[in-house]
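Heads up, the thing below is written out as structure tokens.
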Amino acid sequence: MITNVDLKIAIISMIFGLLAGSIGVLVVLRKNALIGDSIAHAALPGVALSFLVFECKELYILLPGAALAALVAMVTFNFIKKHSKIKNDTILALILSGFFGLGIILIRIITNSKIASAAGLKDFIYGQASTMMFKDMITILIIFVIAYSLLLLLWKEFKVFIFNAEFAETLGFNNKLLNGIFSFLVVLVIIAGIQMLGVVLLSAMIIAPAVAIKQFSDKYHNNFIFGGVIGAVSGFCGSIISSLLKIPTGPSIIVFLSLVVLLSLLFAPKKGLVFNHIKHRLYIKKVEKLNLLLAIYKKEVIYENSRTFNALLTDGYIVKKDKIYIISERGLQKIRMISETEEAINEL
């Protein structure tokens, strides 16, 4: 049975999914998919340090520490990227492992210190939506409003900046400012979802919706809108499923989202593996039919009782006349069209 609390968590998960899915599209389009994962892991030591300073587990106390640690990680990434020749994925891997390792050490120190209020601090690693209180939900709503307001205010600027930063600079845009705001948006998403999904699962909520919608469309605004929709639906449905089956909310959301991505990869009409395979097989059959039709025309060879021959017969390219098979007028038109195309290609 779904309680009012479960429904509230489902709704806030839906709102966070909408935010993460939309921002995630921008992250993936900038080819910075690993940034979300690295910054999410980097937020963990900020949570631990905030708790050590204030000995309080309230979200409004821990989130500023998480945000500060995430910003430090982002600044570190940009600094190393600018002043070294190390590749982006290598830098992100170092940041992810270094900050996450520091966070684990700090949480172990807190646990061993036997501070009474430290119970449940480990939930920030894997997430625990059921521990969220009403004021935590209000915090996420505020972050949602701030992030979407920035996105709508700088919609055109981000559109140019994400696809071609050099061109954006020639138009007079301040790329440093846009990059800073973009980093700030990523950090906002991370601190909004860190209690719900934890640092381990959080990156999937940012990246997966963008991967799913990219199988259907290459248009920027479509990806932005429907990437958010996929995140919202996954957040809501995953939360409801977790309530019905009495399983953890965060993993339930990510598993549901992973299934959406898998189905998209397989069955998307534009890029799905299954549809591409079907299209490829149909193309091969067309080529086989045309090759056989040309062979019959040029060499007067009849391959009776073959699938390709029967397909030509069914399509009307070959007809039976006086107990023999001949190329029909439709077949001759097709051959002339192919010959003209070959001549045009040869003239190039």
Side-chain angles (χ1 to χ4, degrees), residues 9-30 32-44 47 59 63 66-67 70 73 92 96 100 123-132 136-137 139-141 143-144 146-148 151 182-215 223-243 247-265:
I9 291 174
I11 292 172
I12 204 67
S13 299
M14 179 179 68
I15 293 171
F16 172 71
L18 178 62
L19 175 62
S22 298
I23 300 293
V25 167
L26 307 187
V27 172
V28 171
L29 288 175
R30 282 205 73 196
N32 286 334
L34 268 177
I35 279 185
D37 196 21
S38 301
I39 303 305
H41 283 73
L44 186 61
V47 171
L59 194 60
L63 287 188
L92 292 171
L96 185 154
F100 186 64
D123 291 337
F124 284 92
I125 299 176
Y126 298 106
Q128 183 68 302
S130 61
T131 62
M132 295 179 65
D136 300 332
M137 297 178 183
T139 302
I140 293 175
L141 281 173
I143 291 173
F144 174 85
I146 293 172
Y148 256 82
L151 283 171
F182 179 79
S183 302
F184 176 68
L185 287 173
V186 175
V187 171
L188 280 180
V189 174
I190 287 164
I191 62 176
I194 193 169
Q195 183 178 9
M196 184 185 301
L197 296 173
V199 298
V200 174
L201 299 176
L202 186 54
S203 60
M205 198 67 184
I206 298 173
I207 298 167
V211 174
I213 194 58
K214 197 169 176 61
Q215 309 309 310
N223 284 14
F224 179 83
I225 293 169
F226 291 105
V229 170
I230 289 174
V233 171
S234 299
F236 184 83
C237 293
S239 296
I240 294 298
I241 291 169
S242 72
S243 300
I247 55 178
T249 304
S252 178
I253 292 173
I254 299 305
V255 169
F256 184 91
L257 181 55
S258 299
L259 289 175
V260 172
V261 173
L262 180 61
L263 291 174
S264 301
L265 291 171

**Request:** Flag the pair Ile225 / Ile213 as yes when at least one side-chain heavy-atom distance between them is below 4.5 Å, and no otherwise.
**Result:** no

**Validation row: Leu26, Leu151 side chains within 4.5 angstrom (heavy atoms)** = yes

**Request:** Would you name the heavy atoms of Pro248 and Ser242 that are closest together and state the gap between them?
**Result:** O-CB, 3.8 Å

**Request:** Please tell me if the side chains of Leu257 and Pro209 come closer than 4.5 Å, counting only heavy atoms from C-beta onward.
**Result:** yes

**Item:** Pairs meeting criterion side chain to side chain donor-acceptor pair (under 3.5 Å) with involvement of residues 197-209, two or more places apart
**Value:** Asp37-Ser203

**Message:** For Ile253 versus Met205, what's the shortest heavy-atom pair and its separation?
**Reply:** CG2-SD, 3.8 Å

**Prompt:** Can you name the closest pair of heavy atoms from Leu197 and Gly250 and give their distance?
**Reply:** CD2-CA, 3.5 Å

**Request:** Measure across Ile12 and Met137 and return the closest heavy-atom pair with its distance rounded to 0.1 Å.
**Result:** CD1-O, 3.5 Å

**Request:** State the CG-CD1 distance between Leu44 and Ile190, to the nearest 0.5 angstrom.
**Result:** 12.5 Å

**Prompt:** Would one find more than 12 heavy atoms of other residues, nucleotides or ligands at under 6.0 Å from atom CZ of Phe144?
**Reply:** yes

**Prompt:** What distance do Thr249 atom OG1 and Ile241 atom CD1 have between them, rounded to the nearest 0.5 Å?
**Reply:** 11.0 Å

**Prompt:** Do side-chain atoms of Ser38 reach the backbone of Leu92 as a donor and acceptor pair under 3.5 angstrom?
**Reply:** yes

**Message:** Are the side chains of Leu202 and Met196 in contact, using a 4.5 Å heavy-atom criterion?
**Reply:** no

**Request:** Evaluate the side-chain proximity of Ile230 to Val261: yes if any heavy-atom separation is below 4.5 Å, no if none is.
**Result:** no

**Item:** Nearest-0.5 Å distance, CD1 of residue Ile194 to CD1 of residue Ile140
**Value:** 11.5 Å

**Message:** Holding to side-chain contact (heavy atoms from CB on, under 4.5 Å), I want the full list of residues that pass it with Ala204, two or more places apart in sequence or in another chain.
**Reply:** Ile254

**Request:** Scan for side chain to side chain donor-acceptor pair (under 3.5 Å) pairs involving residues 13-25, sequence neighbours excluded, and state none if there are none.
**Result:** Ser13-Ser239, Ser22-Tyr148

**Request:** Could you please spell out the steps behind the side-chain contact (heavy atoms from CB on, under 4.5 Å) verdict for Val27 and Ile207?
**Result:** CA-CA 8 Å; Val27 172; Ile207 298 167; 5.5 Å; no

**Request:** Find out whether Phe16 and Val189 are in side-chain contact, i.e. whether some heavy atom of one side chain is under 4.5 Å from a heavy atom of the other.
**Result:** yes

**Asked** Is there side-chain contact between Leu201 and Pro251, with at least one heavy-atom pair below 4.5 Å?
**Response** yes

**Fill in**
In this structure, OG of Ser264 is separated from CG of Leu259 (nearest 0.5 Å) by 10.5 Å

**Message:** Please report the interatomic distance CD1(Ile23) to CG(Leu185), rounded to the nearest 0.5 Å.
**Reply:** 4.5 Å

**Request:** Any chance you could measure Ser234, atom OG, to Leu18, atom CG, to the nearest 0.5 Å?
**Result:** 11.5 Å

